[in-house]
Colleague: 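One structure, as structure tokens, below. Some questions next.
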Amino acid sequence: MRILRTIDELRAALRSARDELGEAASVGFVPTMGALHEGHLSLVAAARAENPIVVLSIFVNPTQFNEGEDFARYPRDEQRDAALAEAAGVDLIFAPEASEMYPDGFDTVISVGGRLTEVLEGEQRGSSHFEGVATVVSKLLIAVQPDAAYFGEKDYQQLLVVRRMVADLRLPLRVVGCPTSREDDGLARSSRNTRLSASERRRAVAIPDALTAVAAAVHLGEREVERLRGTAREILEEAGLSAEYLAFVDPESLEAVRTVSAPTLFAVAARVGAVRLIDNRLLTLPDPKR
Ligand code: AMP
């Protein structure tokens, strides 16, 4: 496994990998911000299963954090990441400095418009958040030119935004969504979990508990979003967590719904102490034939 710092080095390494494995050898790409955990490694496994060449990027992208967010405190440990990536079968790590991605005078932004970027994370974190994401992801996709790129459903809205951008720019790759990897108690794996104290870590389980309780209520026949939201809020408040949003939305358009009459995405953002966590679950209706 090699670690590349510049786009030129990355392109040369990809060229020699293809020389070795044949022009038809496909490239699977997993973009990350590092602090790797099993969630990231599940994306690597999906990429590994479908492509002879796997590239992982590690770049804590400053432009997707707004002022006051946790850019400076974001966990970074490249040595550990490299060992985990190598054991998982990554061939090339692309880990550029910010100056490689944003050289002096950089002045181009990719902006996905409309509802997909305005609601939920876009509303809470500001419009620059998804501009930062779309710009860095498009730059990475242009640098790597993968056949397929792998993203987690944990960041569901980000996955929709990337799909929109790839379709709109007709970028020639598949975008693959991968299921959320969870700890044994249900907490979605996240690099930010390492910043939770022991007591915060215990209380954070209220987030997946709220998702599960809402899914169970839907299966028992509850369809009214206001009542479902109340159920979730109670569970979070009991654990002392404050919800930023408890959103019930159409899983394609992110349009808010008032009743659950078709598959509906339930998306949560909540603060546990100083750490902001997000999670979501697709609510499905029970099969009437059963
Ligand atoms: P991040 O390093 O947090 O920017 O995440 C990099 C990629 O890993 C994104 O596509 C995330 O959606 C994905 N990811 C993060 N956490 C998980 C998880 N628990 N399960 C599956 N994918 C994840």
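We count ligands from 1, going down the list as the structure has it; atoms in each ligand are counted the same way.
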Colleague: Name the closest protein heavy atom to atom 22 (N) of ligand 1, giving the residue it belongs to and the distance to 0.1 Å.
Modeller: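 The closest one turns out to be Gly152 CA, 3.5 Å.
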Colleague: Strictly below 4.0 Å, N to O, side chains only: are Glu50 and Arg174 in salt-bridge contact?
Modeller: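 Salt bridge between Glu50 and Arg174, a charged N being under 4.0 Å from a carboxylate O: yes.
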Colleague: If you count the atoms of ligand 1 from 1 in the order shown, which ones are under 4.0 Å from a heavy atom of Phe151?
Modeller: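 Those qualifying, in numeric order: 10 (O).
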Colleague: More than 12 heavy atoms of other residues, nucleotides or ligands under 6.0 Å from CZ of Arg229: is that the case?
Modeller: yes
Colleague: So among Val55, Leu14, Val54, Leu141, which one has a side chain to side chain contact (heavy atoms under 4.5 Å, CB included) with Pro146?
Modeller: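 Only match with Pro146 under side chain to side chain contact (heavy atoms under 4.5 Å, CB included): Leu141.
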Colleague: If the contact criterion is a heavy-atom separation under 4.0 Å, does Glu153 count as touching ligand 1?
Modeller: no
Colleague: Just by modelled atom types, is the Gly126 backbone N or O under 3.5 Å from a matching donor or acceptor in the His129 side chain?
Modeller: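 No, His129 side chain to Gly126 backbone: no donor-acceptor pair under 3.5 Å.
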Colleague: Starting from atom 11 (C) of ligand 1, which protein heavy atom do you reach first, and at what distance in Å?
Modeller: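 For atom 11 (C) of ligand 1, the nearest protein heavy atom is Asp155 OD2, 3.1 Å.
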Colleague: Would a single hydrophobic cluster contain both Val175 and Leu265, if residues Ile, Leu, Val, Met, Phe, Trp and Tyr are joined by side-chain heavy-atom contacts under 4.5 Å?
Modeller: yes
Colleague: Tell me, which protein residue and heavy-atom name are nearest atom 6 (C) of ligand 1, and how many Å apart are they?
Modeller: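 Looking at atom 6 (C) of ligand 1, the protein heavy atom closest to it is Pro31 O, 3.3 Å.
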Colleague: Looking only at protein heavy atoms, identify the closest one to atom 1 (P) of ligand 1 and say how far it is in Å.
Modeller: His40 NE2, 3.6 Å
Colleague: Check contact between Tyr74 and ligand 1, using heavy atoms of the residue and a distance below 4.0 angstrom.
Modeller: yes
Colleague: Does Tyr150 reach ligand 1 with a nitrogen or oxygen that is under 3.5 Å from one of the ligand's nitrogen or oxygen atoms?
Modeller: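 Tyr150 vs ligand 1: no N/O contact under 3.5 Å.
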Colleague: Give a yes or no on whether Tyr102 and Ile7 share a hydrophobic cluster (residues Ile, Leu, Val, Met, Phe, Trp, Tyr; joining criterion: side-chain heavy atoms under 4.5 Å apart).
Modeller: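 Tyr102 clusters together with Ile7.
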Colleague: Of all the atoms in ligand 1, which lie at a distance below 4.0 Å from a heavy atom belonging to Leu43?
Modeller: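 Contacts of ligand 1 toward Leu43, numbered from 1: 7 (C), 8 (O), 10 (O), 13 (C), 22 (N).
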Colleague: Using distance alone, determine whether Met33 and ligand 1 share an N or O pair under 3.5 Å.
Modeller: yes
Colleague: So is Pro179 close enough to ligand 1, meaning a heavy atom under 4.0 angstrom away?
Modeller: yes
Colleague: Spell out, yes or no, whether Ile53 and Val30 are grouped together once hydrophobic residues are joined by side-chain heavy atoms under 4.5 Å, including indirect joins.
Modeller: no
Colleague: Under a 3.5 Å threshold, yes or no: a donor from one side chain and an acceptor from the other, between Tyr156 and Glu121?
Modeller: no
Colleague: Look only at the side chain of Arg281 and the backbone of Ala210, and say whether a donor-acceptor pair between them is shorter than 3.5 Å.
Modeller: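 The answer is no, because no donor-acceptor pair under 3.5 Å joins these two groups.
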Colleague: What's the shortest distance from atom 19 (N) of ligand 1 to any protein heavy atom, and which residue and atom give it?
Modeller: Arg189 O, 2.8 Å
Colleague: Indicate yes or no: does an N/O atom of Ser181 lie under 3.5 Å from an N/O atom of ligand 1?
Modeller: yes
